[in-house]
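Convention: sequence-line order gives letters A, B, ...; per-chain numbering from 1. Keep in mind that the numbers below use all heavy atoms, side chains included, and drop hydrogens, waters and symmetry copies. What you see is a predicted model; the values in this text were computed from it and never measured.
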Amino acid sequence: MTLNTLKATEAATLLLDWYDRHHRDLPWRVSPPMAARGALADPYHVWLSEVMLQQTTVQAVKAYFDKFLTLWPTVENLAAAETEDVMRAWAGLGYYARARNLKKCAEAVAREHGGRFPETEEGLKALPGVGDYTAAAIAAIAFNRKSAVLDGNVERVISRLHAIETPLPAAKPEMRRLVSELTPSNRPGDFAQAMMDLGAKICTPKRPACALCPFGGSCRALTIADPETFPRKAGRKEKPLRLGAAFVAIDSSDAVYLRKRAASGLLGGMTEVPGTGWTARRDGDTSIDAQPFAAAWEACGTITHVFTHFELHLSVYRAKVAQAVACAEGWWEPIASLKRQALPTVMKKAIAQAIPHAFKPV
DNA sequence: AAGCCGTGGCG
DNA sequence: TCGCCAAGGCT
């Protein structure tokens, strides 16, 4: 029996029964006893977790989710926060436009919606940083709306259930239609989370555990082919290698010279040490000649960092300066407080290369 | 509308 | 080891 003959309502019931027994307990979900009584998760918690989870693993998100709720317990608190503090708290999680939009979204909810999240997909999607997926997920999980939630997990599950040959992303409209047909009126939020849990734990990218799948023999990919080969995807481009340099200056009071990157683009709005203008498209100078100011620079090795679309090799230079060189654009930050700055991982690597103890606990 | 945008873990 | 990829959105 394939999904064509298995009724959608029956399929949804099979999945919800599986979810009742095997769902993951996650910090942003309501406790199972509360959920059984029909309790819904706090929309602020759902939104915050969903934005953090965009292209990011559950494991990586957990600590950040806790930190944000401790710092800003409500959306009003987050709306009132300093953007720089939000960027500092987000540092290390990646895709920093999410943090900028997170702040803007909190402000919009607080000021334009009286502190309450819109309850419709349309209203949610109008918010900064909330796209098709996140709007549908919040509507379903926080407001029990019957919205079609389609993320990477669901794409994988649906593509296998129906053995969809069309490659992504062209297949997304068809997949969204199929998810919509499968989504039940009863417990749509649990259904969405169940599809994602299934994709994360059973219908995995590699070596799926088909023997444990609640859809069992109704999966077309399992019947006719190798489920692991779905979803079909267009080939990936190879990443170019870019070169550049980073200059770590340390003054007599053990402070490091930092400056702020442009507000948008790569690592937008984040903090950096002076570099040589490398970008995703262009190499920067790797020589000592590119020094930001005159000092006794010494080479101290290279670091490698892999971004989404290119790989970067940075030659790292270090200099001790007798006193803080006057520089209008940046500031001198004590080594002891570096870990609280909005430093992306690539910059922490560069600084750690020059000052091995910089980020180690005292 | 395809390219841009981080990071860490895993097989 | 290294390519893949994880609850995508923006332009």
Side-chain angles (χ1 to χ4, degrees), chain A residues 23-24 26-29 41 45-65 87 90-102 104-105 124-142 147-157 168-170 172 176 179 189 192-201 203-208 228 231 233-242 261-270 272 279-281 304-312 342-349:
Chain A
H23 64 82
R24 291 177 288 178
L26 300 171
W28 42 88
R29 289 181 174 172
H45 296 186
V46 175
W47 163 73
L48 181 61
S49 65
E50 290 300 343
V51 173
M52 287 182 167
L53 286 161
Q54 289 166 7
Q55 297 291 285
T56 308
T57 58
V58 165
Q59 184 54 38
V61 164
K62 283 180 177 173
Y64 284 86
F65 179 79
M87 301 309 286
W90 194 278
L93 199 54
Y95 287 130
Y96 298 99
R98 291 186 296 172
R100 288 179 254 130
N101 285 329
L102 191 80
K104 291 179 192 166
C105 183
L124 287 161
K125 208 184 154 183
L127 297 168
V130 178
D132 286 334
Y133 161 75
T134 304
I138 298 172
I141 298 169
S147 51
V149 176
L150 184 64
D151 77 326
N153 286 305
V154 181
E155 286 172 1
R156 190 166 54 253
V157 172
L168 284 169
K172 284 186 78 170
R176 185 167 286 105
V179 174
Q193 295 179 92
M195 287 286 277
M196 293 190 278
D197 280 17
L198 187 72
K201 293 299 179 187
C203 196
T204 50
K206 302 294 181 188
R207 296 181 60 87
E228 190 173 305
K233 291 186 178 178
R236 294 178 179 273
K237 292 187 175 180
E238 59 179 277
K239 293 179 180 180
L241 172 64
R242 295 296 178 221
R261 291 178 64 86
S264 62
L266 183 70
L267 307 177
M270 300 298 283
E272 67 173 4
T279 70
R281 298 174 170 277
T304 295
H305 191 76
V306 182
F307 291 95
T308 309
H309 49 303
F310 70 104
E311 179 174 334
L312 178 66
L343 288 164
T345 297
V346 62
M347 294 301 159
K348 288 185 178 176
K349 285 184 185 176

Problem set entry | With sequence neighbours excluded, residues passing side-chain contact (heavy atoms from CB on, under 4.5 Å) with A:Lys201 | A:Arg24
Seminar exercise, completed: By nearest-nucleotide position on DNA chain B, the 5'-leaning member of A:Arg207 and A:Val346 is A:Val346
Exercise. When the distance from CG of A:Leu127 to P of C:dG9 is rounded to whole Å, what number comes out?
Worked result: 12 Å
For this session: With DNA chain C as reference, determine whether A:Ala137 or A:Val130 sits nearer its 5' end, using the nearest nucleotide of each.
Result: A:Ala137
For this session: Give the rounded distance in Å between these two atoms: CG of A:Leu198 and C1' of C:dA7.
Result: 14 Å
For this session: Using a 4.0 Å heavy-atom cut-off across all strands, classify A:Trp47 as base, sugar-phosphate, or nothing.
Result: nothing
Exercise. Hey, does A:Gly268 reach any base, or is it just sugar-phosphate, or nothing, if we go heavy atoms under 4.0 Å?
Worked result: nothing
Exercise. Hey, does A:Pro344 reach any base, or is it just sugar-phosphate, or nothing, if we go heavy atoms under 4.0 Å?
Worked result: sugar-phosphate
Problem set entry | Output field: ring centroids A:Phe307/A:His309 closer than 6.0 Å | no
For this session: May I ask you to say what A:Leu26 touches in the nucleic acid, namely base, sugar-phosphate or nothing, with a heavy-atom cut-off under 4.0 Å?
Result: base
For this session: Tell me what A:Leu93 touches on the nucleic acid: a base, only sugar-phosphate, or nothing, going by heavy atoms under 4.0 Å.
Result: base
For this session: Looking at every strand, decide which applies to A:Arg29 at a 4.0 Å heavy-atom threshold: base, sugar-phosphate, or nothing.
Result: base
Exercise. Which whole-number value in Å describes the distance from A:Lys201 NZ to C:dA6 P?
Worked result: 13 Å
For this session: Whole angstrom is fine here: how far is it from CZ in A:Arg98 over to P in C:dC10?
Result: 12 Å
Let me check something: any side-chain donor-acceptor pairs from residues 128-140 of chain A under 3.5 Å, sequence neighbours excluded? List them with distances.
residue  : atom : partner  : partner atom : Å
A:Asp132 : OD1  : A:Lys125 : NZ           : 2.6
A:Tyr133 : OH   : A:Glu50  : OE1          : 2.6
A:Thr134 : OG1  : A:Gln54  : NE2          : 3.0

Exercise. So what does A:Gly199 hit on the nucleic acid, given a heavy-atom distance under 4.0 Å: a base, only sugar-phosphate, or nothing?
Worked result: nothing
Exercise. Starting at NZ of A:Lys62 and ending at P of C:dA7, how long is that distance when rounded to a whole Å?
Worked result: 14 Å
Exercise. Does the A:Tyr64 side chain pair with the main chain of A:Ala91, one donor and one acceptor, at a distance under 3.5 Å?
Worked result: yes
Exercise. Please give, in whole Å, the distance from C:dA7 P to A:Leu53 CG?
Worked result: 9 Å
Exercise. Contact class for A:Thr345 (heavy atom, under 4.0 Å): base, sugar-phosphate, or nothing?
Worked result: sugar-phosphate
For this session: Please check if the side chain of A:Glu228 supplies one atom and the backbone of A:Arg207 the other of a donor-acceptor pair under 3.5 Å.
Result: yes
For this session: Write down the distance between CG (A:Leu150) and P (C:dG9), rounded to a whole number of angstrom.
Result: 10 Å
For this session: With sequence neighbours excluded, tell me which residues meet side-chain contact (heavy atoms from CB on, under 4.5 Å) with A:Glu238.
Result: none
Exercise. Which is true for A:Ala192 with a 4.0 Å heavy-atom rule: it touches a base, it touches only sugar-phosphate, or it touches nothing?
Worked result: nothing
Listed pairs, N/O of protein and of nucleotides 3-5 of chain C, under 3.5 Å:
residue : atom : partner  : partner atom : Å
C:dC5   : OP2  : A:Arg236 : NH2          : 3.3

For this session: Could I get the full list of salt bridge (charged side-chain N to carboxylate O under 4.0 Å, His left out) partners for A:Arg29, not counting sequence neighbours?
Result: A:Asp197
For this session: By nearest nucleotide on DNA chain B, pick out whichever of A:Arg281 and A:Gly92 is the more 5' one.
Result: A:Arg281
Problem set entry | For A:Arg261, all residues meeting salt bridge (charged side-chain N to carboxylate O under 4.0 Å, His left out), sequence neighbours excluded | A:Glu272
Exercise. Are the side chains of A:Trp47 and A:Leu127 in touch, meaning some heavy atoms are under 4.5 Å apart?
Worked result: no
For this session: For DNA chain B, note the earliest and the latest nucleotide, 5' to 3', having some atom under 4.0 Å of a heavy atom belonging to chain A.
Result: B:dG3 to B:dG8
For this session: Name the nucleic acid region contacted by A:Ser49, choosing base, sugar-phosphate or nothing; use a 4.0 angstrom heavy-atom cut-off, strictly under.
Result: nothing
Exercise. Listed by chain and number, what are the side-chain contact (heavy atoms from CB on, under 4.5 Å) partners of A:Thr57, not counting sequence neighbours?
Worked result: A:Gln59, A:Ala60
Problem set entry | Partner set under side-chain hydrogen bond (donor to acceptor under 3.5 Å, both in side chains) for A:Arg98, not counting sequence neighbours | A:Thr56
For this session: Take atom C1' in B:dG6 and the same atom in C:dA6, then report the distance between them in whole Å.
Result: 12 Å
Exercise. For A:Gln54 and C:dG8, is the shortest distance between a side-chain N/O and OP1 or OP2 below 4.0 Å?
Worked result: no
Exercise. Whole Å only: how far is the CE atom of A:Met196 from the P atom of C:dA7?
Worked result: 9 Å
For this session: Using the P atom as the reference point in each nucleotide, state the distance between B:dC4 and C:dA7 in Å, no decimals.
Result: 24 Å
